[in-house]
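Heads up, the thing below is written out as structure tokens.
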Protein chains: 2
Amino acid sequence: MVSQRPGPNLSRIATSLGVSVATVSNALSGKGRVSDALIEKIRAHAAELGYVPSQAGRALRTGRSGVLGLVLPDIANPLFPKIAQAIESAASAAGYGVLIADSRGDITAQTEAINRLVERGVDGMVVVPRRATRISAASCPVAVIDTASTPGNTVAADHWQGGREIAAHLADLGHRRILIIGNNHESNVQNDRAGGIRSGLQPGMQSETLWIERLENEAGAGCRLGLAEKVRRGFTAFAALSDLQALRALTELQQEGISVPGDVSVTGFDDLIWSSVVTPSLTTVRMDMDTIAEIAVSALTDRISESGTREGVLVTAETERVPMQLIIRQSSGPANPAQKTSEMENR
Amino acid sequence: MVSQRPGPNLSRIATSLGVSVATVSNALSGKGRVSDALIEKIRAHAAELGYVPSQAGRALRTGRSGVLGLVLPDIANPLFPKIAQAIESAASAAGYGVLIADSRGDITAQTEAINRLVERGVDGMVVVPRRATRISAASCPVAVIDTASTPGNTVAADHWQGGREIAAHLADLGHRRILIIGNNHESNVQNDRAGGIRSGLQPGMQSETLWIERLENEAGAGCRLGLAEKVRRGFTAFAALSDLQALRALTELQQEGISVPGDVSVTGFDDLIWSSVVTPSLTTVRMDMDTIAEIAVSALTDRISESGTREGVLVTAETERVPMQLIIRQSSGPANPAQKTSEMENR
DNA sequence: TGCACTTGCTTAAACGATTAAGCTTGGCGC
DNA sequence: GCGCCAAGCTTAATCGTTTAAGCAAGTGCA
């Protein structure tokens with residue numbers, strides 16, 4: 001009734017060579033005691049037959065599925081492609097598959113998604129939470145990728161340092177009044193980035209912070225940010241906490257006839273797909289997602305192979321912060337002399 | 001040695017209730033002959049113990065893993081979040097998990113990724129190819145999501161009709177000279193979209209097509225598209241074949257001091273994340289990814305449950321084209337009267 | 001009463017891999 | 001020559017589920 005797996009299995013190889021399945025298994029895994037000659041013979045025959053081990057059989061016996069789960073509460077996040085790519089790459093290098101779970105931004109659906117992954121028998125999970133979400137209901141090792149200030153965080157980009165890079169860059173260019181543009185003031189990532197920027201300001205520099213979500217609560221979604229007014233008030237640099245907000249700022253400024261980087265500078269975060277494509281191309285800060293993913297995955301696989309010490313589900317890694325890299329493009333330039341003078345007068 | 005699955009299994013429930021495992025299995029699946037009273041009792045006890053069936057055991061017995069693979073040769077594609085979300089949603093509604101595979105744009109790595117999925121024992125795969133790629137090496141049902149003109153395509157958005165929607169919209173606004181902006185002229189999707197636009201032009205309208213990849217081969221990556229020159233030559237509308245190109249066009253025009261939609265109109269495709277956020281927000285065409293995913297997944301699951309008729313691996317669906325929806329925002333407006341007059345003179 | 005048939009359960013055999021334990025054989029030391 | 005040990009293989013149990021087959025008891029009918 002059920003279509004049998006067509007490929008050859010251990011027992012077919014065994015009978016075909018006149019040996020036992022155990023010997024074949026040992027030869028292929030290199031574990032037991034099998035003579036070199038026989039190992040060679042078995043491996044050759046297995047390759048010839050195109051043998052692929054059944055994950056189901058292996059999983060049933062070993063209790064390991066060889067699959068990791070990837071949970072992103074906000075899968076519509078434009079960062080998702082990079083994260084998924086990096087995790088998948090790191091996982092498959094470690095011999096694991098990646099099962100995705102989505103909760104469409106819904107917090108309650110997140111635990112449901114996690115449960116689905118557990119039911120599917122994942123050996124571990126990588127979770128990228130949006131807000132501070134408690135990850136507790138999972139009965140397998142969990143690696144959290146958020147930001148260093150999040151309790152229980154496993155590994156993440158050094159968002160704080162990224163912010164300092166931005167601040168140093170803008171300071172070098174002579175900017176004095178900086179508007180930080182964020183989306184949500186409850187986001188740990190955005191707070192760390194903003195904090196990094198503020199901590200990197202030189203004496204004589206000042207910043208204000210604009211949270212778009214707050215603004216939209218009053219003025220409606222998709223409203224103008226009122227950046228032209230900010231320019232009139234002497235802001236010469238707009239440091240967005242994500243490239244999406246940087247794009248929003250850039251196009252609004254352009255629409256108002258304000259030149260970037262001639263009149264003001266705009267910077268972003270994350271080096272998203274469009275950063276290099278827009279005019280002017282966006283100065284931004286890139287996170288080393290490949291390294292982060294590698295650390296997260298190896299922390300998981302380490303824990304999985306130990307499997308004796310069950311000291312809580314959250315795993316930890318040696319390196320908790322991975323440096324971010326400043327990418328200087330066209331959207332940032334020297335502060336406009338006119339603004340600079342008015343700034344000089346202010347002192 | 002191996003950490004046993006902690007949860008209860010069939011036999012634990014069975015011994016605990018003093019019945020056989022087969023009865024428990026039958027009661028939970030509702031398949032065999034079990035009295036209603038016992039079914040009730042078994043289900044209650046299973047729920048109480050928090051029983052979750054072992055996918056490994058089930059997979060081994062049935063030969064089905066309950067997992068679908070998702071292959072995207074170009075996972076960095078900004079469409080990926082929507083696709084992954086839609087597929088995951090449709091799959092989990094059908095009781096399947098989704099395993100992702102990436103090939104980082106590499107064609108040879110694609111077959112490797114497909115093989116990894118097959119080795120993991122997926123019951124079927126959804127493949128979204130970038131160019132015309134032959135999907136043959138898979139030993140399981142495959143659904144292809146590309147475009148109607150691709151041979152072997154299972155289901156896709158009606159890109160041609162989407163192009164006609166754009167053309168009709170621009171015609172209504174009085175535009176007569178339209179520049180179609182695409183990335184790659186070998187992409188089936190982009191060709192269908194461009195063809196749709198051209199076929200929807202009214203008498204008296206004309207179009208040219210600009211392929212960015214060709215331009216960049218000569219002028220270098222990230223070069224200007226020279227749209228200001230096109231405006232001078234009388235183009236009043238720029239119809240990009242993807243929102244990414246639309247964004248590139250929009251920002252370049254703004255940088256040149258050309259007003260959108262005051263002087264010229266810009267439209268895109270796909271309704272990507274930034275379309276509603278930029279100023280002016282992008283008029284675009286959205287594909288109904290949820291419906292497409294649902295059709296693709298149910299085509300797969302149908303084939304999987306038949307499992308007798310092995311008439312090739314590529315599955316087909318009744319509905320092959322899913323309509324696209326025009327989203328009118330701020331980036332498209334009436335053709336500039338000045339341009340219109342010069343156009344009138346041309347007649 | 002005897003036969004067929006249904007109901008409700010159990011027994012047991014798979015699926016494919018891993019692995020502990022057992023069994024020969026041969027070599028080596030004393 | 002005897003015992004011991006290692007090498008090289010086999011035997012057999014096991015993971016958890018599904019499902020065909022079997023079996024006892026009850027029901028309906030002639």
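Just so we're on the same page: letters track the sequence lines, and every chain starts at 1.
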Practice item. Determine whether more than 12 heavy atoms belonging to other residues, nucleotides or ligands lie under 6.0 Å from atom CD of B:Glu40. Key: no
Practice item. For A:Glu294, look at atom CD and say whether over 12 heavy atoms of other residues, nucleotides or ligands are found less than 6.0 Å away. Key: no
Please state whether the phosphate of [N], meaning OP1 or OP2, lies under 4.0 angstrom from any side-chain nitrogen or oxygen of [X].
X       : N      : answer
A:Ser29 : C:dT18 : no
A:Ser25 : C:dT18 : yes
B:Ser20 : C:dT10 : yes
B:Ser35 : C:dC9  : yes
A:Lys31 : C:dT19 : yes

Exercise for review: Identify whether any heavy atom of A:Ala56 sits under 4.0 Å from a base atom; if not, whether one sits that close to sugar-phosphate; answer base, sugar-phosphate or nothing.
Suggested key: nothing
Exercise for review: With heavy atoms under 4.0 Å as the rule, sort A:Thr23 into base, sugar-phosphate or nothing.
Suggested key: base
Output the rounded distance in Å from [atom1] ([X]) to [atom2] ([N]).
X       : N      : atom1 : atom2 : result
B:Leu17 : C:dG8  : CG    : C1'   : 16 Å
B:Asn9  : D:dT14 : CG    : P     : 14 Å
A:Leu28 : C:dT18 : CG    : C1'   : 12 Å
B:Gln55 : C:dC15 : CD    : C1'   : 15 Å
B:Leu10 : C:dC9  : CG    : C1'   : 16 Å
A:Arg64 : D:dT14 : CZ    : P     : 20 Å

**Study point:** salt_bridge(B:Arg43, B:Glu48) N-O dist < 4.0 Å
**Key:** no
Exercise for review: Output the single nucleotide from D:dA7, D:dT10, D:dT19 whose closest atom is nearest the side chain of B:Arg61.
Suggested key: D:dT19
Check your understanding: Between D:dA12, D:dG22, C:dT10, which one does the side chain of B:Arg33 approach most closely?
Key -> D:dG22
Taking distance alone, no hydrogens or angles, what donor-acceptor pairs closer than 3.5 Å link side-chain atoms of residues 31-39 of chain B to residues at least two apart or in another chain?
residue: B:Ser35; atom: OG; partner: B:Leu38; partner atom: N; Å: 3.4

Review point. Does the D:dT18 base have a donor-acceptor partner in the side chain of B:Arg58 within less than 3.5 Å?
Key: no
Study note, to complete from the structure: Between A:Asp36 and A:Ala22, whichever has its closest DNA chain D nucleotide further toward 5' is A:Asp36
**Study point:** Residue met sooner reading DNA chain C from 5', once B:Gly57 and B:Val21 are mapped to nucleotides
**Key:** B:Val21
Study note, to complete from the structure: Assign each of B:Asn26 and B:Leu60 the nucleotide of DNA chain C bearing its closest heavy atom; nearer the 5' end lies the nucleotide of B:Asn26
Check your understanding: Is the closest side-chain heavy-atom distance between B:Leu117 and B:Leu99 below 4.5 Å?
Key -> yes
